[in-house]
Peer 1: 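Following this message is one structure expressed as structure tokens.
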Amino acid sequence: MGFDLDRFQENKTEKRNKFRAQHGLTDEIAIGIIGRLTAIKNHELFIESIAMLAEHKIKLRAFVMGGGERFDELQELAKATEAVCGQKLFTFTNWVTNVEDVLPGLDIIALTSLNEGTPVSLIEAQAAGVPVITTNVGGVSDVVNNENTGFIIDGFTVEKFAKKLRLLAENEELRKKMSQNGWPYVEHKFHYRRLCKDMADLYHHLLAKK
């Protein structure tokens, strides 16, 4: 695969300030999940993990980005969770088309899916320098450098997912380290320049054998 990832490195500070001002964020840890609101994405794990973080008095906001058949159902679940926690936690944005303008405003990207192919949203998050926390499904282990650009969680228990989420939310230095590791990792593996070089090398190899 080869992606145009340069746009995720452009004007990140400006984009971060704009997004956070738009949503009234000051020093909150902004945690996002991007994807279709469908059962396979397992948003319950995300919502319950955020609720567990709130119990530890972590100042945070969670952004659910996407549309789908479960939009209303998940909004109701989020509202019920907020009622128990006694605070506003969740913002539903529906579909986001300008993801390169949104990612810099977030501190962590989560993926809680029960199954995946190749999760492009995680590649894009790392390209923008956003640490990721994800369940270990599908091609996740091929696109995330575990414990260097994010955390890959085995299983689907709230306790395990929330534990790593809390570790990252409370540790600014760890977030910075993973942020710095994200771009060189995905640029080397997934940028279209790498794909073009691989193709050129293949042609040169085949021509040399003639």
Side-chain angles (χ1 to χ4, degrees), residues 16 19-20 22-96 99 102-116 119 121-122 125 130-138 140 144 146-147 149-175 178-179:
R16 178 175 177 82
F19 177 85
R20 294 181 74 87
Q22 178 184 349
H23 292 284
L25 297 170
T26 53
D27 58 344
E28 296 90 345
I29 300 297
I31 306 170
I33 185 168
I34 302 173
R36 184 170 178 80
L37 306 189
T38 188
I40 199 73
K41 297 296 186 179
N42 193 24
H43 283 81
E44 286 88 347
L45 176 56
F46 179 72
I47 292 172
E48 291 169 18
S49 296
I50 293 297
M52 189 169 286
L53 285 195
E55 292 177 4
H56 293 285
K57 309 302 180 184
I58 298 172
K59 196 172 181 182
L60 60 90
R61 285 275 297 282
F63 292 84
V64 181
M65 301 179 175
E69 62 269 22
R70 300 194 68 205
F71 189 91
D72 292 339
E73 177 188 354
L74 290 170
Q75 269 200 320
E76 289 304 312
L77 177 59
K79 288 177 183 176
T81 301
E82 289 174 336
V84 172
C85 295
Q87 60 180 300
K88 171 68 175 173
L89 295 169
F90 297 95
T91 298
F92 283 69
T93 68
N94 218 311
W95 288 113
V96 173
V99 66
V102 169
L103 284 170
L106 301 171
D107 300 293
I108 303 168
I109 281 288
L111 185 144
T112 53
S113 297
L114 299 170
N115 193 21
E116 282 285 342
S121 64
L122 297 184
V130 183
V132 302
I133 297 183
T134 173
T135 48
N136 190 11
V137 294
V140 160
V144 176
N146 190 32
E147 298 192 358
T149 65
F151 290 119
I152 300 176
I153 312 299
D154 291 320
F156 304 98
T157 63
V158 176
E159 290 77 15
K160 290 175 70 174
F161 200 91
K163 181 179 179 180
K164 290 296 187 182
L165 198 57
R166 182 185 176 189
L167 173 63
L168 201 48
E170 292 184 327
N171 192 326
E172 183 178 2
E173 286 303 312
L174 181 58
R175 293 199 307 275
M178 289 186 168
S179 173

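For the single chain, residues carry numbers from 1 onward in sequence order.
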Peer 1: Kindly check if the number of other-residue, nucleotide or ligand heavy atoms within 6.0 Å of CD (Glu172) is above 12?
Peer 2: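 Atom CD in Glu172 is not crowded, with 12 or fewer foreign heavy atoms closer than 6.0 Å.
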Peer 1: Is there side-chain contact between Val132 and Ile108, with heavy atoms separated by less than 4.5 Å?
Peer 2: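 Not in contact.
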Peer 1: Which residue pairs pass the side chain to side chain donor-acceptor pair (under 3.5 Å) test with at least one member in residues 54-64, sequence neighbours excluded?
Peer 2: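 Qualifying pairs, neighbours excluded: Asp27-Lys59, His56-Arg166, Arg61-Thr91.
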Peer 1: For Glu116, which residues count as a salt bridge (charged side-chain N to carboxylate O under 4.0 Å, His left out) partner, sequence neighbours excluded?
Peer 2: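 Here the qualifying residues are Lys41.
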Peer 1: Partners of Thr157 by side chain to side chain donor-acceptor pair (under 3.5 Å), sequence neighbours excluded?
Peer 2: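 None.
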Peer 1: Between Ile133 and Met178, is there a side-chain heavy-atom distance shorter than 4.5 Å?
Peer 2: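 The answer is no, as the side chains (C-beta and beyond) never meet within the 4.5 Å cut-off.
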Peer 1: For Ser121, enumerate each residue passing the side chain to side chain donor-acceptor pair (under 3.5 Å) test, keeping only those at least two apart in sequence or located in another chain.
Peer 2: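 Expected list: none.
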Peer 1: Kindly list each side-chain donor-acceptor pair under 3.5 angstrom involving residues 28-40, sequence neighbours excluded, with atom names and distances?
Peer 2:
residue, atom, partner, partner atom, Å
Glu28, OE1, Thr26, N, 2.6
Glu28, OE1, Thr26, OG1, 3.3
Arg36, NH2, Glu69, OE1, 3.1
Thr38, OG1, Glu69, OE2, 2.8

Peer 1: Taking the side chain as every heavy atom from C-beta outward, state whether Thr93 and Val96 have any pair of such atoms under 4.5 Å apart.
Peer 2: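 Of all side-chain heavy-atom pairs linking Val96 with Thr93, at least one is under 4.5 Å.
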Peer 1: Compare all side-chain heavy atoms of Trp95 with those of Met65 and state whether any distance is below 4.5 angstrom.
Peer 2: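 Counting from C-beta outward, Trp95 and Met65 never come under 4.5 Å.
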Peer 1: Within this structure, what is the OG1-CD1 distance for the pair Thr134 and Ile153, rounded to the nearest 0.5 Å?
Peer 2: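 One finds 8.5 Å between OG1 of Thr134 and CD1 of Ile153.
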Peer 1: List the residues meeting side chain to side chain donor-acceptor pair (under 3.5 Å) with Asp154, not counting sequence neighbours, and say none if there are none.
Peer 2: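 Asp154 satisfies side chain to side chain donor-acceptor pair (under 3.5 Å) with Asn136 once adjacent residues are dropped.
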Peer 1: Donor-acceptor pairs under 3.5 Å, side chain of residues 74-83 to any protein atom, not counting sequence neighbours: which ones?
Peer 2:
residue, atom, partner, partner atom, Å
Thr81, OG1, Leu77, O, 2.8
Glu82, OE2, Leu89, N, 2.9
Glu82, OE2, Phe90, N, 2.8

Peer 1: Mind checking ring-ring contact (aromatic ring centres under 6.0 Å, His included) for Phe156 and listing every partner two or more places apart, or none if nothing turns up?
Peer 2: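 For Phe156 there are no ring-ring contact (aromatic ring centres under 6.0 Å, His included) partners, ignoring immediate neighbours.
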Peer 1: By salt bridge (charged side-chain N to carboxylate O under 4.0 Å, His left out), which residues pair with Arg70, not counting sequence neighbours?
Peer 2: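 Counting only residues at least two positions away or on another chain, Arg70 forms a salt bridge (charged side-chain N to carboxylate O under 4.0 Å, His left out) with Glu44, Glu73.
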Peer 1: Just to verify, what does Ser49 make a side chain to side chain donor-acceptor pair (under 3.5 Å) with, not counting sequence neighbours?
Peer 2: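 Listed in chain order: nothing, the list is empty.
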Peer 1: Sequence neighbours excluded, which residues qualify as salt bridge (charged side-chain N to carboxylate O under 4.0 Å, His left out) partners of Lys163?
Peer 2: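 Lys163: no salt bridge (charged side-chain N to carboxylate O under 4.0 Å, His left out) contacts found.
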Peer 1: Are the side chains of Ile109 and Leu106 in touch, meaning some heavy atoms are under 4.5 Å apart?
Peer 2: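 Ile109 vs Leu106: side chains touch.
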Peer 1: The criterion is ring-ring contact (aromatic ring centres under 6.0 Å, His included); which residues satisfy it with His23, sequence neighbours excluded?
Peer 2: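 Residues passing ring-ring contact (aromatic ring centres under 6.0 Å, His included) with His23: Phe19, Phe63.
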